Visitor: 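Quick one: the structure is below, questions incoming.
So you know, we letter chains A, B, ... as the sequences are listed, proteins then strands, and number each from 1. What you are looking at is a predicted structure, and each value in this text was computed from that prediction instead of being measured. Excluded from the calculations below are hydrogen atoms, water molecules and symmetry mates; all remaining heavy atoms, backbone and side chain alike, are included.
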Number of protein chains: 2
Amino acid sequence: MATPLEKARKDPESMKARILHIARRFFGEYGYHGTTTRMIAKEAGIDISTLHYHWGDKKDLYEAVIVDINKDLGQKLMAVEKRIHGLPLDQRMAIAIDAMTDYLFKFPEVSNLVLFHYFNKTRDALDLRVPEFTADIARSMGLTRDRKTTSPRAKIEVLAVMNAIHNFISGEKFFRPIVNLNRKDYISIVKETLKFVLIGSFVEREKKQKSS
Amino acid sequence: MATPLEKARKDPESMKARILHIARRFFGEYGYHGTTTRMIAKEAGIDISTLHYHWGDKKDLYEAVIVDINKDLGQKLMAVEKRIHGLPLDQRMAIAIDAMTDYLFKFPEVSNLVLFHYFNKTRDALDLRVPEFTADIARSMGLTRDRKTTSPRAKIEVLAVMNAIHNFISGEKFFRPIVNLNRKDYISIVKETLKFVLIGSFVEREKKQKSS
DNA sequence: TTATTTTTCCATCAAAAGATGGAATCAATG
DNA sequence: CATTGATTCCATCTTTTGATGGAAAAATAA
């Protein structure tokens, strides 16, 4: 209730929330510099000054968007972790890939913004610290020996897995024409491929480790 | 010799080539809208009008950059293909991953721009058709049954592999602090991880197919 | 209803960014 | 050297974009 962002998330009917929601999509598609406050305002059917009234300047709005999607992503990851807890690794990964893929295809701005944040600098040095889930996912995938530390190798492996998923969501516009499939078929072939590529190695390694 | 781009590539000392080279880096780091012609001109130590004199407007320059990096990438892929031709799959993939990773870490703008192109729209509708290597790589990986067609599944698998590589190059600024490694160690752990994650499944499948 | 607060829009600004004409400079050629 | 052509820069323009003050409108409270 304290922060303006929390208020906006609470009441999704409010103008404030409406702007945030549209801003998510635009920043996701066009990036920070590629999106203008006018684009967002126009889509919302309001004047730019109204946008500034609610969110301050562009940077503030962008920051709110980043925090917002990270909150969503974190919640989703926690929910998935709950579902897969205790299952054997192959099932754990398969279910997680299915669930995350479905979720992200429903909210592609999340993937867009995550990747955008990884790969692009903004001229205006706006370095917001983004919450980090790699360690948690590594734990959930059973890649950590002890509870407290996560090895670089484990983190890199997690990044490989997460990015593989994000890529196919964000790249849909580009990849789908290449494979010439409708959306539904694209999604299902992506899921299959991700599971094929990503699960095998981890399961195989676990087998070896157990036998030794 | 015909096109201006080819001329610039031939004579890397020329102002034209110099601008192109700097533009590659800037567009790669900041994206199309995040880069201004002034930034590029300043870095080159020239006036914007000189830039316009050589390359026309911003869109033209960006287009030249995209064509340029795709030419480089295509050449590199062909060279790698030559080296691995005829070897067994696991070696083929390991060598290719090593070679491409080394190359891309040396010219990260290539990965940056490829991913940028996948994941971001530009306001100004500039849709340049980009040469496509998925089919060739699929053939090189032995994923195509007959010579002429490449299945959607094979293409998606290739994209998964290529993107996994690009991600770690483009994401270095973001990922390296997460794992807290120096550049050299980061590169080597990325290579190891890529090989670990990507090769296993393909080799396993090939084994099964051969035995049946 | 009236007063107060919140929200919205209109008009406008200043800075940033893309672009260009034309003068000045430099390089090559006869 | 003088002439020609290519290159570069300066000054300037226009459009876009982020931002704001203050009036109008809408919502809320008294």
Visitor: For A:Asp136, is there any backbone N or O sitting under 3.5 Å from a side-chain donor or acceptor partner on A:Ser140?
Guide: no
Visitor: Could you give the NE2-to-P distance, from A:His33 to C:dA17, as a whole number of Å?
Guide: 9 Å
Visitor: Are B:Met100 and B:Leu73 close enough that some pair of their side-chain heavy atoms sits under 4.5 Å apart?
Guide: yes
Visitor: Kindly state whether the ring of A:Phe202 and the ring of B:Phe196 have centres lying under 6.0 angstrom apart.
Guide: yes
Visitor: Can you tell me the distance, in whole Å, between the CG atom of B:Asp47 and the C1' atom of C:dT25?
Guide: 14 Å
Visitor: Distance check needed: C:dA19 P versus B:Asp57 CG, whole Å only.
Guide: 4 Å
Visitor: Could you list the donor-acceptor pairs under 3.5 angstrom formed by side chains in residues 113-121 of chain A, with sequence neighbours left out?
Guide:
from, atom 1, to, atom 2, distance (Å)
A:Lys121, NZ, B:Glu29, OE1, 2.6

Visitor: So what does B:Thr37 hit on the nucleic acid, given a heavy-atom distance under 4.0 Å: a base, only sugar-phosphate, or nothing?
Guide: sugar-phosphate
Visitor: Let me know the distance between NZ of A:Lys16 and P of C:dT7, rounded to the nearest Å.
Guide: 9 Å
Visitor: Using a heavy-atom cut-off of 4.0 Å to chain A, what are the terminal contacting nucleotides of DNA chain D, in 5' to 3' order?
Guide: D:dT17 to D:dG21
Visitor: For B:Lys58 and C:dA17, what is the distance between atoms NZ and C1' respectively, to the nearest whole Å?
Guide: 8 Å
Visitor: Between A:Ile46 and B:Thr35, just flag the one whose closest nucleotide in DNA chain C comes earlier from the 5' side.
Guide: A:Ile46
Visitor: Just the rounded figure in Å: distance from P of C:dG18 to CG of B:Asp60.
Guide: 13 Å
Visitor: Starting at NE2 of A:His54 and ending at C1' of C:dC9, how long is that distance when rounded to a whole Å?
Guide: 12 Å
Visitor: Run the salt-bridge test on A:Glu109 and A:Arg24 with the 4.0 Å N-O cut-off and return the result as yes or no.
Guide: yes
Visitor: Looking across every strand, which nucleic acid part, if any, lies under 4.0 Å from A:Ile48 by heavy atom: base, sugar-phosphate, or nothing?
Guide: base
Visitor: Do B:Thr122 and B:Asp124 get their side chains close enough for a donor-acceptor pair, meaning under 3.5 Å?
Guide: no
Visitor: If each of B:Arg38 and A:Thr36 is mapped to the nucleotide of DNA chain D with the nearest heavy atom, which maps nearer the 5' terminus, i.e. the 5' end?
Guide: B:Arg38
Visitor: Atom CG of B:Leu51 to atom P of C:dA19: distance rounded to whole Å?
Guide: 10 Å
Visitor: Is the shortest side-chain heavy-atom distance between A:Tyr32 and A:Arg123 below 4.5 Å?
Guide: no
Visitor: Is there a side-chain polar atom (N or O) of A:Arg123 under 4.0 Å from OP1 or OP2 of C:dA16?
Guide: no
